[in-house]
Amino acid sequence: IVYGRSRGLGLWADDFQWVDNAYHATTADRWNPFRHGHFYRPLVGVYFDAAVASCGWSAPCFHTLNLVAHWLTSLAVCALAAAVADSFPAGLLAGVLFAAQPGPVEAVTWVSAISEVQATLAVVVAVWLFHRAARRGSRGAYAASIVAYVVALLTHESAIVALPLMALLPLADGPQPAARRRARLLRLMPYVIVTAISLGIAVVVNARNYVVTEGEYRAGLHIMTNIAQALVSLAVARRNLLGVLVVVAAMAAAGTIAPARVRYFVWWTVVALAPFSLFRFGLPSRYLYLAAVGFASMTAVLLWWLRGSLMRRGAVGLALWTLVTIGVIARSAVFTIRNVRVSAAASRPFDAYAAEILTREPHPNAGATLAVPAPPAAVGENIVETLLRWTYRDPELRVDIQPMSGGDDGPR
């Protein structure tokens with residue numbers, strides 16, 4: 001319901017390149033890490049191969065696939081939170097809160113951000129199955145958890161946080177015998193080996209990423225600022241100093257004195273933000289998606305605990321809890337709907353530029369080379385060819401970008 005409007009959105013920025021890549025990339029291009037110059041995410045390329053084969057040139061179809069992935073992730077969050085909290089109602093509430101989280105809306109509305117959704121889904125499934133295996137001794141769940149972790153790492157390198165998230169699971173169960181703690185640590189060894197291999201590939205490939213080479217991804221005080229601002233977004237609080245202080249103080253209290261299951265999800269939220277907090281230019285909202293799992297689950301477990309306290313006051317207490325819970329969900333849903341509406345503006349510069357070229361060249365021959373004016377800065381010259389291939393439904397189209405004449409900065 002809250003994302004229904006997103007099916008009417010267009011494509012923008014990297015979307016055109018991912019779609020175009022599906023027409024031209026080979027199997028070796030997908031899987032050979034030495035052919036990747038920015039990051040190694042082969043399963044995202046495989047996904048777009050399948051999505052292009054299914055959707056063709058239909059933008060609503062691509063957005064529908066994003067919505068389906070978000071729906072599946074919300075169900076997985078429900079299962080994980082219910083297992084950790086030992087309460088299906090708390091898990092159901094976590095799934096609803098996660099589905100309506102306004103902070104990471106970009107991950108759902110931007111087709112290219114499908115990697116965030118898919119990696120999060122795989123991480124949640126991996127942690128849930130690991131927890132299930134530890135509780136029930138299920139070898140099948142254990143093997144499936146390892147497979148899910150590998151899938152997550154091949155989708156997005158940030159999925160590496162699943163390892164500490166699994167290591168922290170005993171925190172949710174409270175004090176345990178030393179023998180049981182050692183057994184859980186031994187179960188993590190296959191994950192450690194997989195992590196080491198993935199980390200080696202990520203270091204080699206991502207070292208060539210322009211964000212790293214230009215110093216835009218590094219340690220510094222901005223890490224704390226990024227995490228604080230991310231927490232404010234997840235809490236749907238005001239972005240002023242008071243809002244930041246209140247949210248950070250509340251999270252610190254929840255992470256230290258709250259019940260064990262609440263503390264676990266507090267740590268999930270912070271750990272999930274850690275890989276993205278190193279960006280010096282701020283933290284894009286799509287990177288809040290995995291952290292939103294922890295924040296929604298933390299909120300749900302707290303609300304369910306609050307219900308138990310208020311139930312002692314009878315019908316009045318239950319009515320108060322119901323109003324508070326509905327208010328929290330409704331507030332999130334309203335801001336999510338607003339953020340989806342804001343996302344509609346992202347494709348406008350690309351649509352306007354494409355419309356201008358269509359006016360100049362309404363029916364070019366298949367595989368033609370078009371002489372086109374330089375695009376506005378919001379589009380970028382590196383996007384032009386793939387944008388126009390999408391516009392003309394021609395994956396073999398070529399463009400020749402003409403230099404700007406005096407005072408001409410391209411079509412608006």
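At most 12 non-hydrogen atoms from other residues, nucleotides or ligands lie less than 6.0 angstrom from CZ of Arg139.
Sorted by first and then second residue, the salt bridge (charged side-chain N to carboxylate O under 4.0 Å, His left out) pairs with a member in residues 276-286 read Glu106-Arg286, Glu216-Arg280; sequence neighbours excluded. For residues 355-376, no pair satisfies ring-ring contact (aromatic ring centres under 6.0 Å, His included), with sequence neighbours left out. Among residue pairs with one or both ends in residues 225-274, none qualify as ring-ring contact (aromatic ring centres under 6.0 Å, His included); sequence neighbours excluded.
Taking the six-membered ring where the residue is Trp, His70 and Phe98 present tilted rings, their angle falling between 30° and 60°.
Side-chain contact between Val372 and Val384: present, with at least one pair of heavy atoms (C-beta onward) separated by less than 4.5 Å. You'll find the side chain of Phe16 reaches within 4.5 Å of the side chain of Leu11, heavy atoms only.
With sequence neighbours excluded, the residues forming a ring pair (Phe, Tyr, Trp, His ring centres under 6.0 Å) with Trp57 are Tyr23, Trp390, listed by chain and number. In this structure, Glu361 has no salt bridge (charged side-chain N to carboxylate O under 4.0 Å, His left out) partners at least two apart in sequence or on a different chain. Annotation: salt bridge (charged side-chain N to carboxylate O under 4.0 Å, His left out) contacts of Asp49 (sequence neighbours excluded): Arg30.
His63 and Tyr3 share no donor-acceptor pair across their side chains, judged by distance under 3.5 Å alone. Side-chain contact check for Tyr149 and Thr195: at least one donor-acceptor pair (N or O, by modelled atom type) lies under 3.5 Å. Inspection of the Arg41 and Thr155 side chains reveals no N or O donor paired with an N or O acceptor under 3.5 Å.
Between Asp20 and Arg389, at least one side-chain nitrogen of the basic residue sits less than 4.0 Å from a carboxylate oxygen of the acidic one, meeting the salt-bridge criterion.
Between Tyr287 and the choices Phe281, Phe279, Trp110, the ring-ring contact (aromatic ring centres under 6.0 Å, His included) rule is met once, by Phe279.
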